Number of protein chains: 2
Amino acid sequence: MKVLVVDDDATLRRTLAIGLHAEDHEVLIVADGRSALQALREDRPDIVVLDLGLPDLTGVEVLRQLRTWSTIPVVVLSARAESAEKVQALDLGADDYVTKPFGMEELLARIRAAARRAGSDIPLLEAGDLVIDLPARRVTKAGAVVRLTPTEWGLLEMLVRTPGRLVGQQDLLHEVWGPAYGRETNYLRVYVGGLRKKLEDDPSRPRHLITEPGMGYRFEI
Amino acid sequence: MKVLVVDDDATLRRTLAIGLHAEDHEVLIVADGRSALQALREDRPDIVVLDLGLPDLTGVEVLRQLRTWSTIPVVVLSARAESAEKVQALDLGADDYVTKPFGMEELLARIRAAARRAGSDIPLLEAGDLVIDLPARRVTKAGAVVRLTPTEWGLLEMLVRTPGRLVGQQDLLHEVWGPAYGRETNYLRVYVGGLRKKLEDDPSRPRHLITEPGMGYRFEI
DNA sequence: ACGGGTCTTGACGAGTTCCTGACGCCCCTG
DNA sequence: CAGGGGCGTCAGGAACTCGTCAAGACCCGT
């Protein structure tokens with residue numbers, strides 16, 4: 001099992017690495033938020049131990065971004081015991097929250113618990129001849145890589161995150177264009193049209209990117 | 001969502017019950033281990049909050065027995081902060097371990113987190129050959145997807161949210177068409193008619209979308 | 001400054017959905 | 001038995017939504 005440790009405290013990193021190694025885990029270590037996100041995309045760890053106090057991005061921001069494309073277990077470490085921060089992290093999708101100082105035995109047990117629960121993660125979504133890899137931000141159609149613009153990707157990601165489920169037009173606009181948007185449904189029409197042209201066999205008769213008139217769109221497997 | 005609280009401290013029970021109720025959970029409360037196991041088998045809660053300090057069985061024993069036949073999320077409460085006990089509980093299958101004293105906000109967040117991880121089971125409503133998936137906004141009849149217009153969906157959602165219960169005509173108009181509406185019962189006749197045509201085997205003799213003359217409509221499973 | 005790609009914006013036809021009134025039916029009541 | 005209220009059905013036109021296109025604005029790296 002591959003564990004990614006994100007922490008800027010060298011001592012703690014070493015201790016953790018030793019403890020995790022003793023349990024036969026492969027350990028990856030990074031010290032800042034950007035490297036963490038990169039390692040998450042590229043190395044596909046099975047579980048993450050994430051310190052909230054990072055030099056560049058906050059741990060919370062890392063968590064938020066991670067949760068847009070992955071559901072892997074995250075155990076948060078923090079020096080702060082404040083309730084508000086715990087609540088925030090947990091509601092953002094953290095699986096556990098451990099306050100420093102902590103016993104190594106306990107942390108390892110919590111990691112075991114989080115890993116045990118780890119449901120079958122679905123990193124790849126296959127729909128016909130489409131393969132969508134959220135972490136890698138990569139779409140292939142019949143084996144060929146499809147180039148998407150950032151906006152197109154944001155839209156597709158939002159739809160693919162909940163396959164089969166209807167996503168409201170306002171939800172899409174809020175998420176992809178920002179909270180200030182909500183009435184610009186013409187944007188959606190344009191970009192869904194673009195995605196269909198790139199992804200559907202017959203863009204005029206879409207099988208995956210389905211319109212629900214008056215409500216929103218859905219990605220059908 | 002049904003929450004079982006197992007604790008022998010009356011004050012804590014009350015606080016928890018209030019907090020959980022505020023989040024729209026149904027709360028079951030028992031004070032000892034035997035009642036806990038019985039409630040787990042009979043009432044099938046969706047999540048358990050389990051205090052380790054119980055008068056008869058130890059909480060650990062309850063957990064051990066529970067895990068022989070169920071994987072529902074368990075959040076353990078304990079007055080002891082000793083690492084060994086945490087490790088034991090977590091390795092026995094507890095999903096989280098909270099040490100007293102704790103903030104109610106934090107506990108509720110941890111309960112939400114535990115429930116979220118487990119609660120990927122979708123609340124589907126099945127009525128004959130109809131399957132209604134509220135979150136996904138999807139209705140299938142005998143496996144085939146049924147397309148609904150926004151108004152039809154609004155109406156159906158309103159009725160399905162309380163299966164078997166009568167919903168008044170004014171309630172429906174207020175909710176689906178807006179607060180300004182209330183006397184336009186002809187709208188209801190038209191759209192219920194449309195829904196019956198799409199959903200009922202014999203629209204002229206509806207089995208699910210039932211009219212209660214003079215009062216409103218009811219969705220019968 | 002230039003050029004390629006990306007994003008915004010408006011406009012149009014085609015298709016769908018919504019509203020509305022009219023009609024006939026049933027049941028209940030006087 | 002007649003009257004009335006509530007219900008289901010139908011169909012037309014108004015209003016809306018969608019897909020598409022194209023022009024212009026914007027943002028890069030060269």
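Order of the sequence lines fixes the chain letters, A, B, ..., with proteins taken first and strands second; residue numbering starts at 1 for each chain. Remember, predicted model here, so these are calculated numbers, not experimental data.
Rounded to whole Å, atom P of C/dC7 lies 16 Å from atom CD of A/Glu184. Whole-Å rounding puts the A/Glu152 CD to C/dC7 P distance at 7 Å. Nucleotide C/dC27 holds its P atom 15 Å from the CD atom of B/Glu212, rounded to whole Å. To the nearest angstrom, P of C/dC18 lies 11 Å from CG of B/Leu155. Rounding to whole angstrom units, CZ of residue B/Arg196 and P of D/dC10 are separated by 13 Å. Spacing between atom CG of A/Asn186 and atom P of D/dC16 amounts to 16 Å, rounded to whole angstrom units. Counting to the nearest Å, the C1' atom of C/dT6 and the NZ atom of A/Lys197 are 14 Å from each other. Computed from coordinates, the A/Leu188 CG to D/dG19 P distance equals 10 Å when rounded to whole Å.
Of the side-chain N and O atoms in B/Thr149, none sit less than 4.0 angstrom from OP1 or OP2 of C/dT17. For C/dT8, one of the phosphate oxygens OP1 or OP2 lies less than 4.0 angstrom from a side-chain nitrogen or oxygen of A/Trp177. Phosphate contact (OP1/OP2 of D/dG6, side-chain N/O of B/Arg189, threshold under 4.0 Å): absent. Side-chain N/O atoms of B/Thr185 include none lying less than 4.0 angstrom from OP1 or OP2 on D/dG6. For the pair A/Ser204 and D/dG19, the criterion of a side-chain N or O lying under 4.0 Å from OP1 or OP2 is not met. Between B/Thr211 and D/dC7 there is no side-chain polar atom (N or O) within less than 4.0 angstrom of OP1 or OP2.
For an aromatic pair to be called close, the ring centres must be under 6.0 Å apart, and B/Trp177 with B/Tyr191 satisfies this.
Counting any heavy atom pair closer than 4.0 Å across all strands shown, B/Val192 reaches no nucleic acid atom. A/Gln169 comes within contact range of the sugar-phosphate backbone alone, with a heavy-atom separation under 4.0 Å but no base atom that close. Among the heavy atoms of the strands lying under 4.0 Å from B/Tyr217 are primed sugar atoms or P, OP1, OP2 only; no base atom is included. Nucleic acid contact class of B/Arg205 (heavy atoms, under 4.0 Å, all strands): none.
Both tests hold for A/Arg41 against A/Trp69: distance to the six-membered ring centre under 6.0 Å, angle to the ring axis within 45°.
Here the side chains of B/Tyr217 and B/Leu209 are not in contact, with every heavy-atom distance at 4.5 Å or above.
In the model, A/Glu85 has a side-chain atom that pairs as donor or acceptor with a side-chain atom of A/Tyr97 under 3.5 Å.
The B/Tyr191 side chain lies nearest to C/dC19 when the options are C/dT16, C/dT6, C/dC19.
Taking a 6.0 Å sphere around CD of A/Gln170, one finds it holds 12 or fewer heavy atoms contributed by other residues, nucleotides or ligands.
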